[in-house]
Peer 1: 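Mind having a look at this structure? Questions to follow.
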Amino acid sequence: MALRSLATRKAIGLGKSVGLGLRGLQTVTLPDLPYDYNALEPAISGEIMQLHHQKHHQAYVTNYNKAVEQLFQALNKVDTSTVVQLQGALKFNGGGHVNHSIFWKNLAPVQEGGGEPPHSSLGWAIDTHFGSLEALIQKMSAEGAALQGSGWVWLGLDTEFKRLVVETTANQDPLVTKAPTLVPLLGIDVWEHAYYLQYKNVKPDYLKNIWNVINWKYASDVYQKECP
């Protein structure tokens, strides 16, 4: 059982448990990418992917783990003010890790199916809720381009009503902060660090080209799991 638990933690980017007093709260690790940094070119350059993964995502992991350790210490000392103070760091950096772990799976090289439209039940659901895949792409691209500051644009499944929704979140807020019933199928990072080295300030071009490497198979698998 212990070996299975350890293997599961590694698979989803979780590290060690920080203490028995914090049941279920664990440090996290940076997940490996399932493709080379340059595998998404020309849509996303290898330089951007390497910096995005090794520097930005790693920073969220490092800072979240630091906050978790500090939280454990504060709880042991019954230091309520520090516990409250740490909530922002936990949400921001924990959200950054959660969001980016999904983002890497939402991408795939063209030769491995990136950009191929969904033909499964997700494809039918997209047609039902948005009219067509092209209409969904236009909607998500427009909402992502219009998002002020930093954040994410999401295709999510509302598990309560079994319907697809497009949402945006600010900063590193995960989709679940919008509603506890929302499951992310596809998330696009619209922070400048995701595109600026290649696209400068022309965010719409980034949002146009990223669809060429979207991994609809992953999104379809999540949808099928939630709506069998």
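Side chains included, hydrogens not; waters and symmetry mates left out as well; all remaining heavy atoms used. Each residue takes its place number in the sequence, starting with 1. Remember, predicted model here, so these are calculated numbers, not experimental data.
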Peer 1: Mind checking what makes ring-ring contact (aromatic ring centres under 6.0 Å, His included) contact with Phe130, not counting sequence neighbours?
Peer 2: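 In terms of ring-ring contact (aromatic ring centres under 6.0 Å, His included), with neighbours along the sequence ignored, Phe130 is linked to no residue.
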Peer 1: Relative to the ring of Trp216, is the ring of Trp211 parallel (under 30°), tilted (30 to 60°) or perpendicular (over 60°)?
Peer 2: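 Trp211 and Trp216: parallel rings.
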Peer 1: Taking it one step at a time, do Cys227 and Lys162 satisfy side chain to side chain contact (heavy atoms under 4.5 Å, CB included)?
Peer 2: CA-CA 8 Å; Cys227 294; Lys162 302 299 182 183; 3.8 Å; yes
Peer 1: Could you tell me if His57 and Trp104 have a donor-acceptor pair between their side chains, going purely by distance under 3.5 Å?
Peer 2: yes
Peer 1: Are the side chains of Pro109 and Leu40 in touch, meaning some heavy atoms are under 4.5 Å apart?
Peer 2: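 Yes, their side chains come closer than 4.5 Å.
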Peer 1: Does any part of the side chain of Tyr206, heavy atoms only, come nearer than 4.5 Å to the side chain of Ile188, both counted from C-beta?
Peer 2: yes
Peer 1: CG/Asp189 to OH/Tyr195 distance, rounded to the nearest 0.5 angstrom?
Peer 2: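 Going from CG on Asp189 over to OH on Tyr195, the span is 9.5 Å.
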Peer 1: Assess whether a salt bridge exists between Lys225 and Asp221, defined as any Lys/Arg side-chain N lying under 4.0 Å from an Asp/Glu carboxylate O.
Peer 2: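 Salt bridge: no.
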Peer 1: What I want to check is whether the side chains of Gln224 and Ser120 have a donor and an acceptor closer together than 3.5 Å.
Peer 2: no
Peer 1: Can you list the residues that meet the ring-ring contact (aromatic ring centres under 6.0 Å, His included) rule with Tyr196, with sequence neighbours excluded?
Peer 2: none
Peer 1: Which atoms form the tightest heavy-atom contact between Val61 and Val28, and what is the distance?
Peer 2: CG1-O, 3.4 Å
Peer 1: Do Pro31 and His97 make a side-chain contact, defined as non-hydrogen atoms from C-beta onward lying under 4.5 Å apart?
Peer 2: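 Side-chain contact under 4.5 Å: yes.
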Peer 1: Just checking, any donor-acceptor pair under 3.5 angstrom between side chains of Gln172 and Trp152?
Peer 2: yes
Peer 1: Can you name the salt bridge (Lys or Arg N to Asp or Glu O under 4.0 Å) partners of Asp79, sequence neighbours left out?
Peer 2: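 Applying salt bridge (Lys or Arg N to Asp or Glu O under 4.0 Å) to Asp79 gives none.
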Peer 1: Could you check Leu164 against Leu185 for side chain to side chain contact (heavy atoms under 4.5 Å, CB included), going step by step and ending with a plain yes or no?
Peer 2: CA-CA 9 Å; Leu164 299 178; Leu185 305 179; 3.7 Å; yes
Peer 1: Looking at Gln54, Gln50, Glu47, which hits side chain to side chain donor-acceptor pair (under 3.5 Å) with Tyr37?
Peer 2: Gln54
Peer 1: To the nearest 0.5 Å, tell me how far Lys208 NZ sits from Tyr199 OH.
Peer 2: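 Spacing of NZ (Lys208) from OH (Tyr199) equals 10.0 Å.
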Peer 1: Would you say the side chains of His100 and His52 form a donor-acceptor pair under 3.5 Å?
Peer 2: yes
Peer 1: Just wondering, more than 12 heavy atoms not from Lys66 lying within 6.0 Å of its NZ?
Peer 2: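 No, not enclosed.
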